[in-house]
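Just so it is clear, the model here is predicted, and its values are computed rather than measured. To find a chain, count down the sequence lines: A is the first, B the second, and so on, and within it residues start at 1. Quick note: numbers below take in every heavy atom, side chains included, and nothing from hydrogens, waters or symmetry partners.
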Protein chains: 2
Amino acid sequence: MPAPLTEERDRLDRAALLDAAERLFYERGIQAVGMDEVRAASALSLKRIYRFFPGKEDLVVAMLRRRDQRWRDSLATFVERISDPRERVLAVFDWLAEWFAEPGFRGCAWINAHGELGSASAAVLAEVRSHKQAFHDQLAEWVRATGVAVVEPVFLLVEGAVVTAGISGDPSPARHARTAAAALLGTP
Amino acid sequence: MPAPLTEERDRLDRAALLDAAERLFYERGIQAVGMDEVRAASALSLKRIYRFFPGKEDLVVAMLRRRDQRWRDSLATFVERISDPRERVLAVFDWLAEWFAEPGFRGCAWINAHGELGSASAAVLAEVRSHKQAFHDQLAEWVRATGVAVVEPVFLLVEGAVVTAGISGDPSPARHARTAAAALLGTP
DNA sequence: ATCGATGGAGAACGCACGTTCTCAACACTT
DNA sequence: AAGTGTTGAGAACGTGCGTTCTCCATCGAT
């Protein structure tokens with residue numbers, strides 16, 4: 001019964017493939033990275049890659065979906081250690097500050113994918129919208145718990161900070177957005 | 001002395017070329033549009049196009065630069081009709097609301113270009129940063145005139161609104177950002 | 001009217017991409 | 001141990017890109 005062995009290998013290869021794709025696509029853009037480069041970075045054969053995903057678009061969507069899980073889990077884990085609702089919302093911006101300062105930070109993978117493929121690939125567009133909606137809803141819960149009706153402004157501050165830090169390469173938008181969010185939430 | 005005639009024709013052709021490039025690149029993305037399509041839309045010969053710009057990258061940069069002029073002029077003309085400093089800043093968001101509602105609105109051309117070419121083309125990256133800096137400085141003047149130190153938050157609200165409206169296709173971020181900006185500026 | 005240069009149209013080129021195919025090596029069955 | 005199906009590695013294929021080249025029409029000068 002060797003089936004479990006190949007299943008385990010599939011799992012690992014699939015993860016290696018998505019790791020390689022995510023890193024390359026985020027670093028250099030999706031269209032700028034060829035499937036052959038993904039093959040080299042993942043140490044898989046092209047045939048095996050196309051067995052996992054029938055086309056590049058499917059790989060991109062799967063990569064975005066898995067990144068969405070990781071990204072939102074990481075954020076939630078970080079902010080939900082803080083129990084005070086107001087401080088919890090402000091912690092979102094602390095998490096952003098850490099993210100912006102990471103080497104290789106290049107802005108939001110979904111916004112970048114949207115700029116690149118939003119008009120060419122309906123599947124990618126749907127994935128981008130799905131991520132933004134999911135993040136919005138997650139954030140909305142945290143903001144609503146403060147009792148102050150500022151969900152939309154706080155969301156827009158986050159998006160503005162991510163975009164601005166991504167383009168300028170400067171992490172200070174996280175600080176500015178945090179200060180503004182604190183003002184909108186009012187003095188405690 | 002026929003020189004003025006060819007100079008005038010150059011001016012017109014160059015404008016037609018940049019018009020066509022701007023429309024196509026904004027609608028469908030830069031990498032998704034080939035030079036042959038730009039040729040067809042501009043009704044120029046490929047040879048003539050390459051006489052104006054030695055490569056596609058130069059055309060993209062020139063297109064972004066001209067769009068920057070038009071975009072910021074349009075915004076400035078709109079908001080500078082309003083003399084009250086506070087209302088002038090809020091008018092920025094009214095201008096955004098009109099822009100977002102335009103048919104074919106697809107977010108910020110510079111953010112999209114950054115997502116597509118920011119890591120591949122230093123010239124495009126520089127042009128994107130230059131535009132964002134220029135807009136930031138323009139906005140900073142208007143905000144400073146209110147006497148309230150909220151330049152950065154207002155800037156981030158604008159960026160967040162543009163990105164969110166571009167992805168979702170919904171113009172309401174302009175309203176939400178306006179409300180938040182009014183709150184940050186304080187009650188008059 | 002003829003010559004020569006200029007410029008237009010688009011065919012042609014080289015390259016790189018996404019995808020598919022070939023074929024040899026291997027593992028598992030009888 | 002021989003056969004058979006499956007897999008891996010990468011060559012091959014078709015397409016479409018950015019760019020250059022070829023040819024021919026046009027037009028001003030002599």
Indicate the ring-plane relationship of A:F105 and A:W99, choosing parallel, tilted or perpendicular according to the 30° and 60° boundaries.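 Geometry flag for A:W99 against A:F105: perpendicular rings.
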
Mind checking whether A:F135 and A:F155 have parallel, tilted or perpendicular rings, split at 30° and 60°?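 Because their plane-to-plane angle lies in the 30° to 60° range, the rings of A:F135 and A:F155 count as tilted.
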
Going by atom types alone, do B:E80 and B:W142 pair a side-chain donor with an acceptor below 3.5 Å?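 Note: B:E80 and B:W142 side chains meet the donor-acceptor criterion.
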
Atom [atom1] of [X] and atom [atom2] of [N]: how far apart are they, to the nearest Å?
| X | N | atom1 | atom2 | value |
| --- | --- | --- | --- | --- |
| A:L24 | C:dC17 | CG | P | 12 Å |
| A:L59 | C:dC17 | CG | P | 15 Å |
| B:R51 | C:dT6 | CZ | P | 9 Å |

Distance under 6.0 Å and angle within 45° of ring axis: B:R28 vs B:F25: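 No, B:R28 does not sit over the ring of B:F25.
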
With a 4.5 Å limit on heavy-atom distance, are the side chains of B:T179 and A:P153 in contact?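 Counting from C-beta outward, B:T179 and A:P153 never come under 4.5 Å.
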
Walk along nucleotides 9-25 of chain D from 5' to 3' and tag each nucleotide B, S or - by protein heavy-atom contact under 4.0 Å, base first, then sugar-phosphate. B--------SBB-----

